[in-house]
There are 2 protein chains.
Amino acid sequence: MKILTEERHTTRARILVSAEALFAERGFEVVSLREITGAAGVNVAAVNYHFGSKEKLIDAVVTRHLVPVNEERLSQLDKLEKQFSGAPIPVEEILKAFLSPVLQHIASGEMSEDLFKKFMGRLIGERGYSLPVGTCSLFAVMAGRFAAAFQRAVPQLDEKSALWRMHFSFGVMAHTLTNGETLRQLSDGRSGNPSTETLLGNIIDFCRAGIEFEGREL
Amino acid sequence: MKILTEERHTTRARILVSAEALFAERGFEVVSLREITGAAGVNVAAVNYHFGSKEKLIDAVVTRHLVPVNEERLSQLDKLEKQFSGAPIPVEEILKAFLSPVLQHIASGEMSEDLFKKFMGRLIGERGYSLPVGTCSLFAVMAGRFAAAFQRAVPQLDEKSALWRMHFSFGVMAHTLTNGETLRQLSDGRSGNPSTETLLGNIIDFCRAGIEFEGREL
DNA sequence: GTCTATATGGGGATAGAC
DNA sequence: GTCTATCCCCATATAGAC
């Protein structure tokens, strides 16, 4: 799943790699083009030559990391639907298809685990999910298909509830990966140091119970 | 729970009110002191006179909204502990004490609902929970007491799991309130327009199931 | 307490030589 | 494609008159 592979030396690629690290660490708005190009060892003017503007550079960085994760989600759901050929897929499996591509992206080495967590946090919190045009429809398709899968898996769920419980689940993951360190500080270390994989397992348990719960509907 | 009450006309108060709205809408870093003082109808230099620096103004704004919410959480938990006098408190009640003070703060009119949601998102996503010194210990106490209450309510939970499941629950709330609009867009309106109160009810159901779930521990 | 004026520094973008 | 130099804008913070 390496995205840049053999082109790591080109100016364009050097800018992307430096930019995403700085964006993750300190935020999209605060990091200046001068810092990015300085860290990349290229000229200030190169960003505008290769990307057109700072905003388009941000779009390129975001797209580069989000699109593969979402495509992997869809591909895993495809596999499950074939495997269960029309029968409802267990909630736990759907959740795995939804959450584990993040782990895979981290494992791919395209971005360090620490950095990717921070990157996710910035993306959600600072830019409020304002996605690059062109990636929006991919997200909409993904959300629709996963909500539908949840609905088939839990018969009493209506479409609205399925959408919201999916949203809740994504919230657990996003917030946990992004702000796990905060819990460690608040609890003075008593929350321990579980690996991301362990944590995702617990998130899946938590969300499965919440999704399968037979309660009021919206 | 009005915080400013009769002082809304003072320069200091006018700055606070303008600042928090702009911060919520567009982010702490991007908003300039010129915008804030312009909107407040006071002079640029007034911020530095009354607060010392932009960073200290941010601290004041954050403290002003977070401290009352957390104190209300603790006060509601106090009440529950008295009411159940030593016996375990039902998970649903603990969750209400944890989540509903946000609703109350919105209802207090201190900040509009729309704005407060955005404000929460900025706080978590842009500042990564970096709390003003002086509010940290309040948060630590709150987290510790709520985790302990969850642990008493669900006997098979160890301390670590209680802390994490509390964290998961907070994640659901934060992410849902902050990014509910995104789900509406992604689902092309099919997620409907539930009120914040309805939504919080559903969040409580979802989290209760997740917290009471008897599964693997960390 | 509040104002104007200014010091000092940094930002994004571009023109034009190489 | 890459560089230098520069345009023009805006930021925070402060000094000092009122």
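In what follows, every chain begins at residue 1, and chains take the letters A, B, ... in the order their sequences are listed.
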Over all strands shown, is A:Ala45 touching base, sugar-phosphate only, or nothing at heavy-atom distances under 4.0 angstrom?
base
Report yes if a side-chain nitrogen or oxygen of A:Thr11 is closer than 4.0 Å to either non-bridging phosphate oxygen (OP1 or OP2) of D:dT2; otherwise report no.
yes
How many whole angstroms separate atom CG of A:Asn48 from atom C1' of D:dC7?
14 Å
How many Å lie between CG on A:Leu33 and C1' on C:dT14, as a whole number?
13 Å
Where the side chain of A:His50 is defined as all heavy atoms beyond and including C-beta, which of D:dA13, D:dT2, C:dT2 is the nearest nucleotide?
D:dT2
A:Lys54 NZ to D:dC10 P: how many Å, rounded?
16 Å
Is any side-chain N or O of A:Arg34 under 3.5 Å from a base N or O of C:dG10, one able to act as donor and the other as acceptor?
no
Which nucleotide in D:dA13, C:dT2, C:dA13 has an atom nearest any side-chain atom of B:Tyr49:
C:dT2
For B:Val44 and A:Glu35, find the nucleotide of DNA chain C closest to each by heavy atoms; which residue's nucleotide sits nearer the 5' end?
B:Val44
From C:dG12, C:dT4, D:dT14, pick the nucleotide closest to the side chain of B:Asn43?
C:dT4
Rounded to the nearest Å, what distance is computed from the CD1 atom of residue B:Ile36 to the C1' atom of nucleotide D:dA13?
14 Å
Any Lys/Arg nitrogen of A:Arg165 or B:Asp205 sitting under 4.0 Å from an Asp/Glu carboxylate oxygen of the other?
no
Can you tell me the distance, in whole Å, between the CD atom of A:Glu29 and the C1' atom of C:dG10?
16 Å
Give a yes or no on this: more than 12 heavy atoms of other residues, nucleotides or ligands lie within 6.0 Å of atom CD of B:Glu181.
yes
With the side chain defined as heavy atoms from C-beta on, A:Ser32 is closest, among C:dG11, D:dA11, D:dA13, to C:dG11
Salt bridge or not between B:Arg26 and A:Glu126? Use side-chain N to carboxylate O under 4.0 Å.
no
